[in-house]
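Below is one structure, written out as structure tokens, with a few remarks after it.
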Amino acid sequence: MRKQLKAIAVSVGVALAAPVFAQEELNFDAYREMLADGNPAELYEMEGEELWRTARGPKNATLEQCDLGLGAGVVAGAAAQLPRFFKDTGKVQDLESRLMHCMETLQGIPSEEIVKGKFRQGERAKMAALVAYVVTHSKGEKIAVDLSHPKMKEMYELGERAFYYRTGAMDFSCASCHSQDDKRIRATQLPNITTPEGAAAGWSSWPAYRVSNSQFWTMQHRLWDCFRQQRTAEPIFASDVTIALSVFMAGKGNGAEAQWPGVKR
């Protein structure tokens, strides 16, 4: 089934990515509206729902008892309140690190297999489909990340420092691309994450289906690629710095309506 879904997604992605305008000046607003008309991420959501309910791993168990913060098995609205502090782990976790915890504790799938894996392959690919399934059940919900716990406050501050930290061969920071209004790279609008509106736009539109390469990217994947483009050390999957950046964006965007999953150029 998975191969069938991906084949359909590739076909749709190619169709969406085809040239639409012949004029010299591309109408970017119209282009983005066209992309939003039908999102192939739905195919990944279907795969994720199947994975959620399928017994897998050494323990031959499903993820239906996974607690994403609202109780065992509750998916509706969960993504809108992540990242959050979890008492059972004593850690602040985003959606992917929490799913990884559930996969290990419930199914016996080692977290190391995911951390040391590659995007779009093996258990990380399955993780992406699960993310698509979970976030779809928070579409239209208000972002409501609770920053009151001391460890959430620490992660927010770490995320803010990381956002402005310049590094790499090009001396870039996240703020180099995301601290001004009305900026874009080609057809991609760059949200100004220093503002609540921009942070909400950036946070609530990822994970997303990318029509340019017919791939579904999670937030962990998006952040990893941002570091890569800065020409600096690439972060470990689900590391503190990636979760902290997510806390910073989500917390700053609190109250906005989530648009998950997004669709990008």
Side-chain angles (χ1 to χ4, degrees), residues 2 5 41 43-139 141 143 145 152 155 203-204 206-209 215-224 235-247 249-250 258 260-262:
R2 178 183 174 137
L5 293 177
L43 303 172
Y44 290 79
E45 178 206 348
M46 292 167 55
E47 182 184 356
E49 182 175 11
E50 184 177 344
L51 285 166
W52 182 265
R53 304 183 190 283
T54 299
R56 295 196 315 118
K59 295 183 179 181
N60 193 35
T62 73
L63 290 172
E64 292 172 298
Q65 293 302 307
C66 178
D67 184 356
L68 297 173
L70 300 181
V74 179
V75 176
Q81 298 184 39
L82 289 168
R84 67 188 300 156
F85 174 77
F86 286 88
K87 291 183 180 179
D88 59 355
T89 61
K91 296 179 181 179
V92 173
Q93 294 176 302
D94 64 355
L95 176 54
E96 284 159 276
S97 58
R98 187 61 182 178
L99 283 171
M100 188 165 63
H101 168 77
C102 288
M103 290 166 75
E104 181 166 63
T105 57
L106 296 176
Q107 298 180 312
I109 299 170
S111 295
E112 186 177 5
E113 186 174 341
I114 302 170
V115 171
K116 293 187 176 180
K118 294 183 178 180
F119 290 110
R120 302 185 295 109
Q121 296 182 26
E123 290 298 331
R124 274 206 204 175
K126 292 180 174 64
M127 168 79 75
L130 286 164
V131 166
Y133 168 63
V134 173
V135 299
T136 300
H137 286 77
S138 284
K139 185 177 178 68
E141 296 282 339
I143 299 171
V145 174
M152 284 292 286
M155 290 297 267
W203 172 250
S204 71
W206 291 93
Y209 183 82
Q215 297 173 2
F216 182 79
W217 282 28
T218 64
M219 180 58 84
Q220 281 284 334
H221 196 165
R222 174 67 273 174
L223 290 172
W224 173 87
I236 295 170
F237 184 87
S239 58
D240 282 352
V241 68
T242 58
I243 296 172
L245 283 166
S246 291
V247 171
M249 286 188 287
W260 300 306

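Hydrogens, waters and symmetry mates are skipped; everything else that's a heavy atom, side chains included, is used.
- Of the possible polar contacts, one joining the Ser246 side chain to the Thr242 backbone as a donor-acceptor pair under 3.5 Å is found.
- The aromatic rings of Phe119 and His221 lie parallel to each other, with less than 30° between the two planes, well short of the 60° mark.
- Taking both residues in full, the closest heavy atoms of Glu45 and Ala132 are given as N-CB, 3.8 Å, listed atom of the first, atom of the second, then distance.
- Trp206 has its side chain within reach of Trp217: a pair of non-hydrogen atoms, C-beta onward, lies under 4.5 Å apart.
- Tested against Ile109 for a side chain to side chain contact (heavy atoms under 4.5 Å, CB included), the candidates Glu104, Lys59, Glu123 yield a single pass: Glu123.
- Val145 and Ala250 get closest at one heavy-atom pair: CG2-CB, 3.6 Å.
- In this structure, the side chains of Leu99 and Leu68 come closer than 4.5 Å at one or more pairs of heavy atoms.
- In this structure, CD on Gln93 lies 5.5 Å from CZ on Phe86, to the nearest 0.5 angstrom.
- Contact of the Phe216 side chain with the Pro207 side chain is registered, since non-hydrogen atoms from C-beta on lie closer than 4.5 Å.
- The nearest pair of heavy atoms linking Ala125 to Arg120 is CB-C, 3.5 Å.
- Ring planes of Trp203 and Trp260: perpendicular class, angle over 60° (limits at 30 and 60°).
- Across all non-hydrogen atoms, the minimal contact from Val75 to Val134 is CG1-CA, 3.8 Å.
- Taking the side chain as every heavy atom from C-beta outward, His101 and Thr89 approach each other to under 4.5 Å.
- Taken to the nearest 0.5 Å, the NZ atom of Lys126 stands 8.0 Å off from the CD atom of Glu47.
- Residues Met219 and Val135 fail the side-chain proximity criterion, which asks for heavy atoms closer than 4.5 Å.
- Between atom CG of residue Asp88 and atom OG1 of residue Thr105 there is a gap of 8.0 Å, rounded to the nearest 0.5 Å.
- In this structure, Arg98 contributes its side chain and Asp67 its backbone to a donor-acceptor pair below 3.5 Å.
- Within a 6.0 Å sphere centred on NZ of Lys139, other residues, nucleotides and ligands contribute more than 12 heavy atoms.
- Interatomic distance, CG of Leu70 versus CZ of Arg84, reported as 5.5 Å (0.5 Å rounding).
- Here the side chain of Glu96 pairs a donor or acceptor atom with the backbone of Gln220 at under 3.5 angstrom.
- Remark: Ile143 CD1 to Leu82 CG distance equals 11.5 Å, nearest 0.5 Å.
- Residues Ser138 and Ala78 share a closest heavy-atom pair of OG-N, 3.5 Å.
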From CA spacing to verdict: side chain to side chain contact (heavy atoms under 4.5 Å, CB included), Leu63, Met103: CA-CA 7 Å; Leu63 290 172; Met103 290 166 75; 4.1 Å; yes
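- Taking CZ of Phe85 as the start and NZ of Lys91 as the end, the distance is 11.0 Å to the nearest 0.5 Å.
- Listed here is the closest heavy atom pair of Leu130 and Trp52: CD2-N, 3.7 Å.
- In this structure, the side chain of Arg53 does not engage the main chain of Gly48 through any donor-acceptor pair within 3.5 Å.
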